[in-house]
Asks: 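Provided herewith is a single structure, encoded as structure tokens, for subsequent inquiry.
Just so it is clear: chains get the letters A, B, ... in the order the sequence lines come, proteins before strands, and each one is counted from 1. Just so we're clear, the structure is a prediction, and the values are computed from it rather than from any experiment.
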Protein chains: 2
Amino acid sequence: MEQADFLELFERALAAHQVLVFFCSCEIRYSGRAEAFLPQGDRVILIKEDQTLIIHQPINGNPINYLKPGAEIRVEKHQGHLLLKAKSGKDYLDVELFKVHDLMTKKLEDGQKQFLQGNEKDMSDMIKTQPSLISDDFRPVSREEHTKFGFIDVFGHDGKGNLVVVECKRYTASLACVTQLRRYVEKMKDLKGTGKVKGVMASPSISTNALGMLQQWGFRHVVVEPPKRLERYNKDQRALDAFLR
Amino acid sequence: MEQADFLELFERALAAHQVLVFFCSCEIRYSGRAEAFLPQGDRVILIKEDQTLIIHQPINGNPINYLKPGAEIRVEKHQGHLLLKAKSGKDYLDVELFKVHDLMTKKLEDGQKQFLQGNEKDMSDMIKTQPSLISDDFRPVSREEHTKFGFIDVFGHDGKGNLVVVECKRYTASLACVTQLRRYVEKMKDLKGTGKVKGVMASPSISTNALGMLQQWGFRHVVVEPPKRLERYNKDQRALDAFLR
DNA sequence: TACTACATCTCGCAT
DNA sequence: ATGCGAGGTGTAGTA
């Protein structure tokens, strides 16, 4: 693709807040929270309407370089080829464009948000409405969602005069998760001036080391799966899919 | 763009392990580690040569949906429009394609790795070669000895018979960082059977609460910046850039 | 494989 | 702006 053609289309699309994608051979310098250099190779560059800049190599899931939304982006001629210079906050990206293979631009119309279920919040909600998931005598004191005594997921008491702090994790609980629970329990003991505070880790599973530390602190692990209400629908889809194959 | 044309180009590019990008109007269902639904809108869909699938809305830095490398991807006709079905591990993605606006495919040649400096490893290396950054009497032990103690960033001793555990963070240290350090110190006390173990948090800054907890445990904070050796080059570039503006 | 910790983490939420 | 914790976190390193 010709330099002049690219430059014109690029400027116009950028000004019109279109989305731009192009294939190119380039070399990249990054400076900001860290410093990086990526030698010449073919990449995909995506510029969104909010001036997000994302650069992908032909393999791997994550972008190799990027700038957050709101970047200042411009292209200038530099020693026979083009130089894309961009800045977002403290981060700077310089992309030497040796060759632009192909470019695609379009104004995209969206504005939808994704509905997502099965996160940690859904898990703690489930425990509040089904306290027996923790124990027969567990009584949650719903109320506090984010702050009050901290960021405790579910807080309550049992029938033996103990306060109970529940920490939910949607994945295998690790050492870090247990220290988090420990921190909350100690905060609660401090605030309430009592030693009768129990810790419960609610997660689908827990690593061996984490379980060891949990028990060392006299805490309990309870197996709880994150709720996925759309699961049946999707299961059906998968079954149908397998049938059609 | 015509369905039949898209289908043919898509299949061919996918089989040739080219990179594909297209603009489309679509509706997305995700099922796997969670469940999600995204109503109809315009998006950018990127399929890489390793069968990574990434879907972007026209704004925001992160993809709204994605599948990890190695996904099984196919497109089939479904009630007048196209249906892209993909699966990677336990994750399923169904994309109803109401209209494909434009498509770009190309075999990209890369294979370069990024050189990056200023990460936590660089920070701990710097401390090992310049122990005075921690204190005048700090003496780090050799790297070989270090490894058998686990995940400790820098380990050593001072002139007063104390073992010293250093935890590096490239950003503002938080409560979680301090509990991590605490965990390492306690592990070390246990392993060595001594109470004389000091904890040091090395980071550019530390939150007020984290500093409180740090001091409560008798640990110290030392201000250390992650090393960025290319910084001067980039600073010069920025200065030059400003001059040319 | 399981587990651990880093990441230019990003993002939202609350102070 | 800062602080704190979740994330469909992803990714690398190690046992």
Asks: What pairs with A/Asp110 under salt bridge (charged side-chain N to carboxylate O under 4.0 Å, His left out), at least two apart in sequence or on another chain?
Replies: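 Salt bridge (charged side-chain N to carboxylate O under 4.0 Å, His left out) check on A/Asp110 returns B/Arg43.
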
Asks: Using atom P in both nucleotides, what's the gap between D/dG8 and C/dT4 to the nearest angstrom?
Replies: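 Roughly 22 Å separates the two P atoms.
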
Asks: Find the distance A/Asp122:CG to D/dG7:C1' and express it as a whole number of Å.
Replies: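 My rounded result for the distance is 13 Å.
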
Asks: Checking B/Asn209 against B/Ser207: is there a side-chain donor and acceptor pair closer than 3.5 Å?
Replies: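 Not at all, the side chains of B/Ser207 and B/Asn209 share no donor-acceptor pair under 3.5 Å.
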
Asks: Could you check how far NZ of A/Lys187 sits from C1' of D/dC4, rounded to whole Å?
Replies: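 Distance check: A/Lys187 NZ to D/dC4 C1' gives 11 Å.
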
Asks: D/dG5 P sits how many Å from A/Tyr184 OH, rounded?
Replies: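 Taking OH of A/Tyr184 and P of D/dG5, I get 4 Å after rounding.
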
Asks: Would you give the length of the straight line joining atom OG1 of A/Thr179 to atom CE of A/Met213, rounded to the nearest 0.5 angstrom?
Replies: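 Going from OG1 on A/Thr179 over to CE on A/Met213, the span is 7.0 Å.
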
Asks: Pick the P atom in C/dT8 and in D/dG5, then give their distance to the nearest Å.
Replies: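 One P to the other, the span is 22 Å.
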
Asks: When the distance from CG of A/Leu181 to P of D/dC4 is rounded to whole Å, what number comes out?
Replies: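 Rounded to the whole Å, the gap is 18 Å.
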
Asks: Would you say a side-chain N or O of B/Lys121 is under 4.0 Å from OP1 or OP2 of C/dC6?
Replies: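 For C/dC6, OP1/OP2 do not have a side-chain N/O of B/Lys121 under 4.0 Å.
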
Asks: Which residues pass the side-chain contact (heavy atoms from CB on, under 4.5 Å) test with B/Gln130, sequence neighbours left out?
Replies: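 B/Gln130 satisfies side-chain contact (heavy atoms from CB on, under 4.5 Å) with B/Met126, B/Leu133 once adjacent residues are dropped.
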
Asks: For B/Phe98, what residues pass the side-chain contact (heavy atoms from CB on, under 4.5 Å) criterion, not counting sequence neighbours?
Replies: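 If we apply the side-chain contact (heavy atoms from CB on, under 4.5 Å) test to B/Phe98, skipping adjacent residues, the hits are B/Ser25, B/Glu27, B/Gln40, B/His81, B/Glu96.
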
Asks: Can you find a side chain N or O atom of B/Gln180 that sits less than 4.0 Å from OP1 or OP2 on C/dT4?
Replies: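 The answer is no; no side-chain N or O of B/Gln180 sits under 4.0 Å from OP1 or OP2.
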
Asks: Going 5' to 3' through nucleotides 8-15 of chain D, assign each nucleotide B (protein heavy atom under 4.0 Å from a base atom), S (under 4.0 Å only from sugar-phosphate atoms) or - (no protein heavy atom that close).
Replies: BSSS----

Asks: Quick one: side-chain contact (heavy atoms from CB on, under 4.5 Å) partners of A/Ser174, sequence neighbours excluded?
Replies: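 Here the qualifying residues are A/Ala176, A/Cys177.
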
Asks: For A/Ala176 and for A/Pro63, find the nucleotide of DNA chain C with the closest heavy atom, then tell me which residue's nucleotide is more 5'.
Replies: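 First, find each residue's nearest nucleotide; the 5'-ward one identifies A/Ala176.
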
Asks: Could you list the residues that satisfy side-chain contact (heavy atoms from CB on, under 4.5 Å) with A/Leu82, not counting sequence neighbours?
Replies: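 In terms of side-chain contact (heavy atoms from CB on, under 4.5 Å), with neighbours along the sequence ignored, A/Leu82 is linked to A/Gln3, A/Phe6, A/Leu7, A/Val75, A/Lys77, A/Leu97.
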
Asks: Return the residues of residues 197-211 of chain B meeting this criterion: a heavy atom under 4.0 Å from some atom of DNA chain C. Order them by number, or give none.
Replies: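 When residues 197-211 of chain B is checked for heavy atoms under 4.0 Å from DNA chain C, there are no hits whatsoever.
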
Asks: Figure out the CD/C1' separation between B/Glu120 and C/dT4, and round it to whole Å.
Replies: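 B/Glu120 atom CD is separated from C/dT4 atom C1' by 13 Å.
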
Asks: Side-chain polar contacts of residues 220-227 of chain B - donor-acceptor pairs under 3.5 angstrom, sequence neighbours left out - could you list them?
Replies:
unit_1   : atom_1 : unit_2   : atom_2 : d
B/Arg220 : NH1    : B/Ile134 : O      : 3.4
B/Arg220 : NH2    : B/Ile134 : O      : 3.4
B/His221 : NE2    : B/Ser203 : O      : 3.3
B/His221 : NE2    : B/Ser203 : OG     : 2.9

Asks: Using salt bridge (charged side-chain N to carboxylate O under 4.0 Å, His left out) as the criterion, list what pairs up with B/Asp42, not counting sequence neighbours.
Replies: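 Partners of B/Asp42 under the salt bridge (charged side-chain N to carboxylate O under 4.0 Å, His left out) test: none.
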
Asks: Check the phosphate of D/dG5 against A/Arg183, side-chain N and O only, distance under 4.0 Å to OP1 or OP2. Yes or no?
Replies: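 Yes.
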
